[in-house]
Amino acid sequence: MTDILQLGDPRLRETSEAVPEADFGGAELARQVDHLIEIMRQANGAGLAAPQIGLMRRIFVVEVTKNPRYPYKQPIPLTVFINPRIIAMDETPIEVIEGCLSITGWRGRVPRSCRVKMEARDVDGGTFCVEAEGLAAGTLQHELDHLNGRLFVDLLVNAKSLTTWDNYELFHRTAWEREANEINQSYPAGLTLQP
Ligand code: ZN
């Protein structure tokens with residue numbers, strides 16, 4: 001956890017740089033991505049963006065297996081996004097309770113677009129496209145925001161929705177998990193790789 005920058009670190013507010021063409025397929029980029037994956041897994045994160053470890057490049061990784069932090073989240077296979085961009089979005093809002101490995105111990109309610117299509121490069125430079133809906137769409141938007149210096153606390157539907165993790169467990173978890181299950185039923189596809 002000590003490797004992850006925390007709220008107030010100015011680097012979390014910067015816009016990260018695109019990975020240059022010459023870096024694709026190289027050992028340095030592969031090493032950086034592996035490091036990001038390792039830190040995400042150590043911290044039990046659903047995703048981690050490069051600037052969160054002080055690497056100011058447009059890279060993020062996501063993975064949801066059975067996650068004790070997020071038992072209601074649908075599985076997402078490990079996916080590495082380099083130089084991602086949104087190519088389509090259904091802005092119908094869903095409200096989700098988010099946390100962030102850079103804002104340890106806090107959660108809050110934010111609006112997210114219900115469906116997003118994103119194009120990105122892999123470590124070897126190949127281009128791929130994913131569509132995500134529901135909570136998975138929220139996860140991609142959260143991680144992309146990191147590359148633009150934006151954090152979930154900037155988007156709160158209401159500052160009063162902020163809660164410590166302990167009080168989330170005590171007062172909000174049951175209601176939120178019910179809501180999350182409804183979102184999962186309305187948007188069952190999660191994250192899917194597009195042909
Ligand atoms: Zn985050």
Side-chain angles (χ1 to χ4, degrees), residues 1-17 19 32-33 35-65 67-86 89 93-114 116 118 120 130 132 134-159 161-166 168-169 172-173 176 180 183 190-191:
M1 285 297 266
T2 50
D3 293 328
I4 300 177
L5 307 187
Q6 293 299 305
L7 182 66
D9 190 307
R11 287 171 288 181
L12 289 173
R13 295 313 197 165
E14 287 171 20
T15 299
S16 292
E17 302 276 343
V19 171
Q32 290 172 341
V33 165
H35 186 55
L36 204 55
I37 293 167
E38 188 187 329
I39 306 277
M40 171 179 69
R41 287 177 170 167
Q42 276 172 7
N44 279 322
L48 189 66
Q52 290 180 276
I53 58 168
L55 177 66
M56 306 312 294
R57 314 190 91 186
R58 301 188 76 79
I59 306 170
F60 71 77
V61 295
V62 293
E63 182 180 43
V64 179
T65 48
N67 192 321
R69 278 167 68 92
Y70 312 107
Y72 49 84
K73 281 201 177 190
Q74 301 154 299
I76 299 178
L78 175 66
T79 314
V80 176
F81 293 79
I82 303 173
N83 297 348
R85 64 189 189 94
I86 288 175
M89 192 136 139
I94 50 172
E95 281 190 11
V96 301
I97 292 187
E98 292 191 1
C100 179
L101 293 172
S102 291
I103 308 175
T104 305
W106 293 88
R107 310 204 80 192
R109 183 177 285 268
V110 299
R112 294 292 185 189
S113 298
C114 73
V116 60
M118 202 178 267
V130 297
L135 299 179
T139 301
L140 294 193
Q141 290 163 69
H142 177 117
E143 299 308 330
L144 184 65
D145 278 351
H146 276 299
L147 307 185
N148 297 320
R150 193 153 80 151
L151 302 171
F152 85 83
V153 287
D154 305 345
L155 308 173
L156 294 172
V157 295
N158 183 330
S161 77
L162 261 188
T163 173
T164 64
W165 195 280
D166 287 346
Y168 161 76
E169 296 277 357
H172 306 289
R173 181 177 193 138
W176 162 239
I183 293 172
L191 185 142

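Atoms considered below: every heavy atom in the structure, side chains included; atoms not considered: hydrogens, waters and symmetry mates. Atoms within each ligand, like the ligands themselves, are counted from 1 in listed order.
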Salt bridge (Lys or Arg N to Asp or Glu O under 4.0 Å) involving Arg107 - partner list, sequence neighbours excluded: none

Closest heavy-atom pair and its distance - Arg109, Ser161: N-OG, 3.0 Å

Pro51 side chain reached by Glu14 side chain, heavy atoms, under 4.5 Å: no

Minimum heavy-atom distance Pro84-Ala120, with the two atoms named: CA-CB, 3.9 Å

Atom CD of Glu95 with >12 non-hydrogen neighbours under 6.0 angstrom: yes

Neighbouring protein N, O or S atoms of the Zn ion (ligand 1) [cut-off: under 2.8 Å, no waters]: Cys100 SG, His142 NE2, His146 NE2

For the student: nearest non-hydrogen atoms of Arg112 and Leu155, plus distance: NH1-CD1, 3.4 Å

